[in-house]
Each structure stands twice: as structure tokens, then as C-alpha cells.
Enquirer: 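One structure, pasted below without further comment.
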Amino acid sequence: MKPTALVAGNWKMNGLAASQAELEALGTYLSDGAPADCDVLICPPFTLVAAFAANAADGIAVGAQDCHTNTSGAHTGDISAEMLKDAGATYVIVGHSERRADHGEGDSLVKAKAEAVHGQGMKAIVCVGETEAERDAGNTLDIVLGQLAGSLPDAATAANTVVAYEPVWAIGTGRTPTVEDVAEVHTAIRSALVARFGEAGNSFSILYGGSVKPSNADELMNAANVNGALVGGASLKASDFNGIIDAYRK
Ligand code: PGA
């Protein structure tokens with residue numbers, strides 16, 4: 001099975017009730033022209049998940065940006081995968097580099113979170129990526145493939161898991177790797193998925209993330225083994241996000 005393309009917006013810690021206008025605008029863009037063979041996802045902050053899930057137009061899935069490993073209990077301030085499912089989410093991002101850096105999340109925790117997401121019948125978007133120092137030291141593939149091995153549950157399938165390659169130094173910086181560098185990492189991820197999961201490894205979607213915008217989406221999305229984008233800043237405005245989705249409109 002061919003990987004399904006996915007363009008996913010990660011709103012991070014941005015968005016208030018009034019931001020629903022952007023969700024509505026995105027719905028209008030999609031009803032005017034749906035992309036071919038491409039899913040569209042918005043991951044707002046927890047506070048907006050339920051409202052977005054209730055109001056999103058057809059063709060827009062809603063997800064969250066993190067979850068706890070447990071289903072419920074004494075974990076002040078945390079949100080479980082079950083709660084997110086109950087709120088209408090169908091995807092949860094786990095292991096984003098900002099969670100890894102700001103909250104000290106390591107691969108085994110990320111894996112447990114992905115398992116919690118799977119346990120609720122949702123899809124986990126598992127993020128991996130090297131820092132600038134790791135790239136400069138020539139360790140990109142070691143780091144990325146190590147994170148992938150440690151963060152993906154054995155029960156991962158193309159139906160319950162999406163991989164996102166996000167070089168840390170490209171996130172929110174306006175800098176991107178070359179198309180050749182993106183293709184090299186994505187192809188290495190594809191090979192690792194096939195080595196671990198057999199032929200089924202060819203079906204996983206592998207997203208690129210890090211400073212994707214309308215002007216570079218087309219070339220990045222056409223790189224080898226790139227099956228979509230995880231978009232931060234440029235997902236906040238429906239017009240920009242729609243310009244990225246354009247990469248799948250022809
Ligand atoms: P960016 O963020 O598009 O703002 O670089 C991407 C991400 O962190 O998912």
C-alpha cells in the first residue's frame with residue numbers, strides 16, 4: 001500500500017477561541033478545492049481540541065500535541081489519550097523536539113505515549129530529528145534512526161503511526177535542509193521501517209517538518225520518501241497552510 005499523504009498543522013502554544021475563524025477559512029479553501037489523496041490535520045492546543053473537532057469542516061481531522069501515558073489518575077495538569085479521543089481527536093503528536101527539549105522526554109517515554117495513543121484507536125505522529133550540533137558532527141542518521149528505533153512501538157503500523165522527521169535547527173528558523181538532505185534522511189527512515197516491519201514499512205507516511213511554507217512546500221513534498229508535512233508557524237494562517245496543501249492539488 002502506498003503511504004497516504006498528510007499535511008498536518010501543529011499550532012503549538014498558539015490559539016484562542018477567536019482562532020476558530022482560521023479553521024473555518026481552511027474549510028472554505030478545502031471545499032473550493034480538495035487536495036488529491038492527501039489528508040489534512042490541525043493540532044490546536046488542548047483547550048481548543050473539542051471545539052475544533054466539533055466544528056471542523058469535512059476533510060479536516062483534529063489532533064493534539066501530546067498526551068500522558070496513563071488513561072487517568074493523579075497526574076495534575078496532564079491530559080490522557082482517552083480524554084483526547086473523547087474530545088474528538090483522531091491524531092496525537094508525540095516526541096516533538098520541543099517536548100524532548102523543554103520537558104526532557106526521551107525515546108522510551110515517547111514510545112509509551114505512542115502506545116497510549118494506539119490504545120485509544122488514534123494515530124500517533126512520532127517525531128524525530130537531529131540538532132544542529134549533531135548534524136555538524138556528521139551524526140544525523142545515527143541520531144534520527146536511534147530515536148526512531150527507540151520511539152516506535154513494536155505494534156506500530158501504517159494505520160496507527162505516522163513518522164515525522166523534523167531537524168531541530170530547521171524548526172521555526174526559516175532554514176531548511178536541502179532537498180537532497182531531506183531525501184537522504186527520509187530514505188534512511190524508509191529503509192529502517194522496512195528492516196523492522198518488513199514490506200509493511202513501505203506503507204508508513206513519513207512527514208517532513210521544519211520551516212515548511214508555501215514557497216518551499218512543492219519541492220520538499222516532491223523529495224524521495226516525503227509523504228507530507230508537519231507545519232508549525234505557517235499552519236496558523238489558513239491562507240499559508242492552504243498554500244502548502246497546494247503541493248497536493250495537482
Ligand atoms: P515550523 O515548526 O513549521 O514553525 O518550523 C514545525 C514543527 O515544529 O512542527
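For the numbers below, each heavy atom of this structure counts, side chains included, while hydrogens, waters and symmetry mates do not. In listed order, ligands and their atoms are each counted from 1.
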Enquirer: Can Arg100 and Glu166 be counted as an ion pair, charged N to O under 4.0 angstrom?
Expert: no

Enquirer: Identify every side-chain donor-acceptor pair in residues 138-148 under 3.5 Å, counting partners at least two apart or on other chains, and give the distances.
Expert:
residue	atom	partner	partner atom	Å
Gln147	OE1	Gly129	N	2.8

Enquirer: So if I only count non-hydrogen atoms and take anything under 4.0 Å from ligand 1, which residues does that give, chain by chain?
Expert: Asn10, Lys12, His96, Glu166, Ala170, Ile171, Gly172, Gly210, Ser211, Leu230, Val231, Gly232, Gly233

Enquirer: Under 3.5 Å, which donor-acceptor pairs link side chains of residues 57-72 to any protein atom two or more places apart or in another chain?
Expert:
residue	atom	partner	partner atom	Å
Gln65	NE2	Lys12	O	3.0
Gln65	NE2	Cys43	O	3.0
Gln65	NE2	Pro44	O	3.3
Asp66	OD1	Lys113	NZ	2.7
Asp66	OD2	Arg99	NH2	3.3
Asp66	OD2	Lys113	NZ	3.4
His68	ND1	Asn70	N	2.8
His68	NE2	His75	ND1	3.4
Asn70	ND2	His75	NE2	3.2

Enquirer: Take the angle between the ring planes of Trp11 and Phe52 and call it parallel below 30°, perpendicular above 60°, tilted in between.
Expert: perpendicular

Enquirer: Can you name the ring-ring contact (aromatic ring centres under 6.0 Å, His included) partners of Phe241, sequence neighbours left out?
Expert: none

Enquirer: So, Asn216 versus Glu219: side-chain donor-acceptor pair below 3.5 Å or not?
Expert: no

